[in-house]
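What follows is a single structure, written as structure tokens, with notes after it.
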Amino acid sequence: IRIYNGARETRPSTQLLPVSFSLDTMLDELTLKPVIFAGGKWREQPVLSGEEALDFPSPVGRQTVRFSLHSEALTLPMNYRKKGLRDCFFKINYDDEFVARVRFLGGLGLLGKEPVRVGSAKVSPRAMLQSLVAKQPGRSGGPEEAGDMEALRVVVEGIRAGRRERRVVEAVIHASPEQHLSAVARDTGFPAAVAARMIARNEITARGVFAPESRQLGMPVERFFEEMAVRGISITMKVPERAGLGVRRGSLTVGKTAG
């Protein structure tokens, strides 16, 4: 199972360190060693390794993605290892200039979380950085000025009835400036909101903490896709003729986009 997240800012920010979502999360994804599931085992990888150039739908276009520390690489193997899952990773793209600036800040020690003494006070370098970034002048590129676009792609390869098969599932997410919602806010918040409503309607009866794909949760998958489509996010599955050939035999779009 290979998961790819490609994004592009269609209205570039004028800030020195533009933040499209949680700065703390962005810094972690660029500084902590990613973990992938390879050969049936979880393995740490070097930061920003696994470089791969992919073509996403326009206007996201061609992007360079790299390994990132994401929960999917933990929970998917936990739930599908018994089905034979051997490999799983998550890759995402970050703007090269943004990455260079984060590396510069890291080199100065400004990404550390442990407090350091400054005069008579102790201050966390990262907390100070976050406070200063929040006060940046200029266009932030954040939700209040939404202008980004994201493409999410999941590639699943395996053996069925003795034959290797491949499925590619993809969703394209646009920002919603009129709602002050960026694309990343929509594809992060909407799934949780849909699941919460399903719990309230007793469509999901499990209680506790579960990964979305776990059998214990019992997520009604078709209903979930339909609810996402109502919110303007349709999920499309492509069925190639054979794994690795990239020949499309057919496609299926789940649900209909409102409007």
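No hydrogens, no waters, no symmetry mates; every other heavy atom, side chains included, goes into these values.
- Rounded to the nearest 0.5 Å, atoms CG (Leu181) and CZ (Arg231) are 12.0 Å apart.
- In terms of modelled atom types and a separation under 3.5 Å, the side chain of Arg167 and the main chain of Met237 share no donor-acceptor contact.
- Taking 4.5 Å as the limit, every side-chain heavy atom of Val65 sits out of range of all side-chain heavy atoms of Ile92.
- Distance check: Ile173 CD1 to Asp148 CG gives 9.5 Å after rounding to the nearest 0.5 Å.
- Heavy-atom neighbours of Arg160 CZ from other residues, nucleotides or ligands within 6.0 Å: at or below the threshold of 12.
- The aromatic rings of Phe90 and His70 lie parallel to each other, their planes meeting at an angle below 30°, with 60° marking the opposite boundary.
- Checked for salt-bridge contact, Asp28 and Arg126 meet the test: a charged N lies under 4.0 Å from a carboxylate O.
- Shown here for Ile235 and Ala171, the closest heavy-atom pair between the two residues is CG1-CB, 4.2 Å.
- Residues Glu29 and Tyr94 have side chains that bring a donor and an acceptor to within less than 3.5 angstrom of each other.
- Remark: side-chain polar atoms of Arg81 are not paired, donor with acceptor, to backbone N or O of Asn79 under 3.5 angstrom.
- Rounding to the nearest 0.5 Å gives a distance of 5.5 Å between CZ of Arg166 and CD of Glu157.
- Counting all heavy atoms, side chain and backbone alike, Asn5 lies closest to Phe56 at C-CZ, 4.3 Å.
- Contact between Thr205 and Asn202 at its shortest, heavy atoms only, is CG2-O, 3.5 Å.
- Note on Phe104 and Leu17: same hydrophobic cluster, where clusters join Ile, Leu, Val, Met, Phe, Trp and Tyr whose side-chain heavy atoms are under 4.5 Å apart, directly or indirectly.
- Panel note: side chain Lys91, backbone Gly50; a donor-acceptor pair is recorded below 3.5 Å.
- Counting only distance, with no hydrogens or angles, the side chain of Ser234 and the backbone of Ala229 share no donor-acceptor pair below 3.5 Å.
- Considering all non-hydrogen atoms of both residues, Phe210 and Ser214 come closest at CB-OG, 3.3 Å.
- The two atoms that bring Pro34 and Ser68 nearest to each other are CB-C, 3.7 Å, heavy atoms only.
- Follow the hydrophobic side-chain contacts under 4.5 Å out from Leu108 and you reach Val47 in the same cluster.
- No salt bridge links Glu150 with Arg186; every basic N to acidic carboxylate O contact stays at or beyond 4.0 Å.
- Looking only at side-chain heavy atoms (C-beta outward), Ile199 and Ile204 come within less than 4.5 Å of each other.
- Between the OG1 atom in Thr25 and the CG atom in Leu30 there is a gap of 11.0 Å [rounded to 0.5 Å].
- Put simply, Ile159 and Leu76 are part of two different groups of oily side chains (I, L, V, M, F, W, Y) that touch within less than 4.5 Å, one to the next.
- Between Met78 and Phe37, every side-chain heavy-atom pair lies at or beyond the 4.5 Å cut-off.
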Discussion item. Walk me through whether Arg163 and Glu165 qualify under salt bridge (Lys or Arg N to Asp or Glu O under 4.0 Å).
Written reply: CA-CA 6 Å; Arg163 292 188 58 185; Glu165 296 195 11; 5.6 Å; no
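- The environment of CD in Glu178 is crowded: more than 12 heavy-atom neighbours from other residues, nucleotides or ligands sit within 6.0 Å.
- Summarising the geometry, atom CG belonging to Leu27 is positioned 6.5 Å from atom CG belonging to Leu129; distances are rounded to the nearest 0.5 Å.
- Note on Arg201 versus Glu227: salt bridge recorded, some NZ/NE/NH1/NH2 to OD/OE distance being below 4.0 Å.
- Side-chain atoms of Pro57 and Glu170, non-hydrogen and from C-beta on, do get closer than 4.5 Å to each other.
- Across Pro125 and Val116, no two heavy atoms sit closer than the pair CG-CG2, 4.1 Å.
- Residue Arg197 places its CZ atom among 12 or fewer non-hydrogen atoms of other residues, nucleotides or ligands, all under 6.0 Å distant.
- Leu16 and Met128 are not part of a single hydrophobic cluster, where members link through side-chain heavy atoms under 4.5 Å apart.
- Considering OH of Tyr80 and CZ of Arg215, their distance stands at 9.5 Å, rounded to 0.5 Å.
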Item to complete: Would you sort out whether Phe89 and Gln45 count as a side-chain contact (heavy atoms from CB on, under 4.5 Å), showing the intermediate values?
Response: CA-CA 11 Å; Phe89 61 68; Gln45 302 297 305; over 6 Å; no
